[in-house]
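Sequence positions, counted from 1, serve as the residue numbers for this chain. Predicted model only: the values in this text are computed from it and were never measured.
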Amino acid sequence: MNKVTQENNISQTENLSPEFSATQDSTFTQNIMKKDQAHFMHPWTIFDVYKTEGALPIAKASGIHIQDSNGKSYVDAVGGLWCNNIGTGIDEMAEAIADQVRQLSYANPFVDMTNVPAVELAAKIAELAPGDLNRVFFSCGGSTAVDTAYRLIQYYQNCRGKHNKKHIISREMSYHGSTFAAMSIGGKKGDHPAEFDYIKDTIHHISAPKHYGQHDDKSEAEFLAFLLTEFENKILEIGADNVAAFFTEPILGAGGVIVPPQGYHQQTWQLCKKYDILYVSDEVVTAFGRLGHWFSSKDVFDVEPDIIISAKGLTSGYLPLGATIFSEQIWDVISEAGHGRCFAHGFTYSGHPVSCAAALKNIEIMEREQLFANVKNLEGYFQQQLNTLLDLPIVGDIRGKGFMWCVEFVADKNTKELFPEELDIGKQISNHADAKGLIVRPIVHLNVMSPPLTLSKKDIDFIVDTLRASIEETLNDLTAQGYSYA
């Protein structure tokens, strides 16, 4: 077992921090929750639920475990939010961050100033990225990295004199971030409430590559042919001279861990090349080990994008950082001689030296501890154990790759009919899991898992056994609530 796994995979039966637990009581937690409800507006706040139930206060974390303010420990099978790839609480990371703060806590990144950690990280990313993706623009996270890509695409097409080539094609059920352009590019219906406005005239969505429950009347080959035909027809409908880029996640994450049919990425990439369309791979989730590789675009799906977007696992969530990685071809076009040409885009915290130092240390730890080998070694076991849940009457589908998995729940396994959305079946199951010391992410009909890359077989067994028990308790609840399942 590697050093990171040894130090951070604390047994589920151990207290994460007995000293911490002893200092807390229910009054402390109640006060925190009251302050939270009074002042802290969360991403994706569901107002009626939040007002009555509040939020779970997390106070401490180590390895794959998190601890609430009452001292209760949980296995965090969500990995924070797809991001705690090396696990939490690693002293080596804390020291690297502290050392950088002492040496240089901030540096102006604009125009003609730079800093050493940002330069070293950009060079390291260029070394790890596929093809000629040698140029890196740093931002504050995944959403800002997507918005940077969106602006870069516009800039690139204008520099080429292709002023009409501004339309974007994305997919239904996709997620690309929550800033204005990023959310407009995303295609999850639940993320497009009527109270918000979106870019609608130049952003288009085609079918998600989800076979289960969507296109069961087609074989996988027929489904792939349908997707490719739809994509090409959409290009022709808009006009190839008007389409600037295609945004794709190698595996759709928040949309439900949707793994496209074999050959999908290769052939959509070929269509992009045919019609002079930039291929943008949103690897905010899938990069930096989630699928057992630095980047999955080339190593898993055999494509070389024009742009890769990264965040989350880039620092393993220790500090905010996003990276828009793009090709020499794009760089050559936008940097051609022209007096005063300026890429007027950026952030105060672009290339923040402390965040970049954290990313460099994160990469060093991943390389040294061979965490990607752990993902590859345990991927099959994780899938095998999750597949044992298929005997339960409401478990319809298990899907994923690497350390990125999803369980989809259905009311009828034969017809794949879903439970009513207001039932929030995924949340009911995750509530039972919470009580048993397991955190999974509920997304309406789904439970999603993206644990740290340090996971062991013992941890996988705990996750699957606890999830089974939580589903079985939910079956009893459904009967009591008058819901039927088949």
Side-chain angles (χ1 to χ4, degrees), residues 85-86 96 100 107 109-142 144-153 155-156 159 245 248 250 269 278-316 318-336 343 345-347 349-368 371-372:
N85 290 13
I86 64 171
Q100 184 58 52
F110 277 39
V111 190
D112 59 356
M113 292 188 69
T114 192
N115 68 81
V116 173
V119 173
E120 295 290 1
L121 179 59
K124 184 64 176 179
I125 290 172
E127 173 192 323
L128 300 174
D132 70 341
L133 275 74
N134 298 323
R135 303 289 174 165
V136 184
F137 190 100
F138 290 118
S139 59
C140 308
T144 48
V146 169
D147 271 27
T148 295
Y150 181 72
R151 296 205 70 197
L152 177 64
I153 289 161
Y155 195 87
Y156 167 76
C159 287
T248 175
W269 177 50
L278 294 175
Y279 187 98
V280 183
S281 185
D282 184 341
E283 292 221 44
V284 167
V285 171
T286 57
F288 293 94
R290 182 60 49 199
L291 301 186
H293 300 274
W294 293 112
F295 298 97
S296 68
S297 297
K298 177 63 177 175
D299 290 334
V300 179
F301 298 103
D302 198 25
V303 300
E304 292 186 7
D306 299 287
I307 299 172
I308 289 179
I309 297 155
S310 179
K312 296 191 183 291
L314 176 56
T315 67
S316 284
Y318 277 78
L319 286 174
L321 186 65
T324 305
I325 312 158
F326 60 99
S327 68
E328 286 291 341
Q329 176 195 344
I330 294 174
W331 171 262
D332 288 344
V333 169
I334 67 174
S335 64
E336 282 178 354
F343 188 65
H345 172 80
F347 308 93
Y349 300 117
S350 291
H352 193 287
V354 185
S355 293
C356 291
L360 286 165
K361 178 56 68 173
N362 179 60
I363 291 169
E364 177 190 326
I365 290 171
M366 286 182 175
E367 289 180 317
R368 185 187 68 228
L371 295 185
F372 298 176

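- Counting only residues at least two apart or on different chains, no side-chain hydrogen bond (donor to acceptor under 3.5 Å, both in side chains) pair has a member in residues 110-123.
- When side chains are defined from C-beta on, Arg135 does not count as touching Ser327, because their heavy atoms never get closer than 4.5 Å.
- Asp302 is linked by a side-chain contact (heavy atoms from CB on, under 4.5 Å) to Gln266, Lys298, counting only residues two or more places apart in sequence or in another chain.
- Between Phe301 and Trp269, the distance from one ring center to the other does not fall under 6.0 angstrom.
- Atom OH of Tyr279 is surrounded by more than 12 heavy atoms from other residues, nucleotides or ligands within 6.0 Å.
- The shortest side-chain heavy-atom distance between Trp294 and Ile363 falls under the 4.5 Å cut-off.
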Test side-chain contact (heavy atoms from CB on, under 4.5 Å) applied to Glu336 and Cys159, step by step: CA-CA 9 Å; Glu336 282 178 354; Cys159 287; over 6 Å; no
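- At least one donor-acceptor pair under 3.5 Å links the side chain of Ser350 to the backbone N or O of Phe347.
- Not a single donor-acceptor pair under 3.5 Å links the side chain of Asn85 to the backbone N or O of Gly289.
- Using bins of under 30°, 30° to 60° and over 60° for the plane-to-plane angle, the ring pair Phe326/Trp331 lands in the tilted bin.
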Between Leu321 and Phe138, is the side-chain contact (heavy atoms from CB on, under 4.5 Å) condition met? List the steps. CA-CA 7 Å; Leu321 186 65; Phe138 290 118; 4.1 Å; yes
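- Asp132 meets the salt bridge (charged side-chain N to carboxylate O under 4.0 Å, His left out) test with no other residue; sequence neighbours excluded.
- No side-chain heavy atom of Pro305 sits less than 4.5 Å from a side-chain heavy atom of Leu278.
- Here the OG atom belonging to Ser355 is positioned 10.0 Å from the CG atom belonging to Leu121, to the nearest 0.5 angstrom.
- Under 3.5 Å, the side chains of Ser297 and Glu304 contain no donor-acceptor pair of N or O atoms.
- The side chain to side chain donor-acceptor pair (under 3.5 Å) check on Thr248 picks up Arg171, with sequence neighbours excluded.
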Would Glu367 and Lys124 count as a salt bridge (charged side-chain N to carboxylate O under 4.0 Å, His left out) here? Give the steps. CA-CA 12 Å; Glu367 289 180 317; Lys124 184 64 176 179; 3.1 Å; yes
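- Distance check, rounded to the nearest 0.5 Å: CD1 of Ile365 to CD1 of Ile86 gives 4.0 Å.
- A distance of 13.0 Å separates CD1 of Ile325 from CG of Asp306, quoted to the nearest 0.5 Å.
- To the nearest 0.5 angstrom, Ile309 atom CD1 is 4.5 Å from Asp282 atom CG.
- Residues satisfying the salt bridge (charged side-chain N to carboxylate O under 4.0 Å, His left out) criterion with Lys312, sequence neighbours excluded, are absent altogether.
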Criterion side-chain contact (heavy atoms from CB on, under 4.5 Å) on Gln329 and Tyr156, from CA distance to verdict: CA-CA 10 Å; Gln329 176 195 344; Tyr156 167 76; 3.2 Å; yes
Would you list the atom pairs, donor with acceptor, under 3.5 Å between side chains in residues 146-153 and any protein atom, with sequence neighbours excluded?
| residue | atom | partner | partner atom | Å |
| --- | --- | --- | --- | --- |
| Asp147 | OD1 | Thr179 | OG1 | 3.0 |
| Asp147 | OD1 | Ala182 | N | 2.9 |
| Asp147 | OD2 | Thr179 | OG1 | 3.3 |
| Thr148 | OG1 | Thr144 | O | 2.8 |
| Thr148 | OG1 | His345 | NE2 | 2.8 |
| Arg151 | NH1 | Ala344 | O | 3.4 |
| Arg151 | NH1 | His345 | ND1 | 3.4 |

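- Judged by distance alone, the side chain of Glu328 and the main-chain N or O of Asn134 form no donor-acceptor pair under 3.5 Å.
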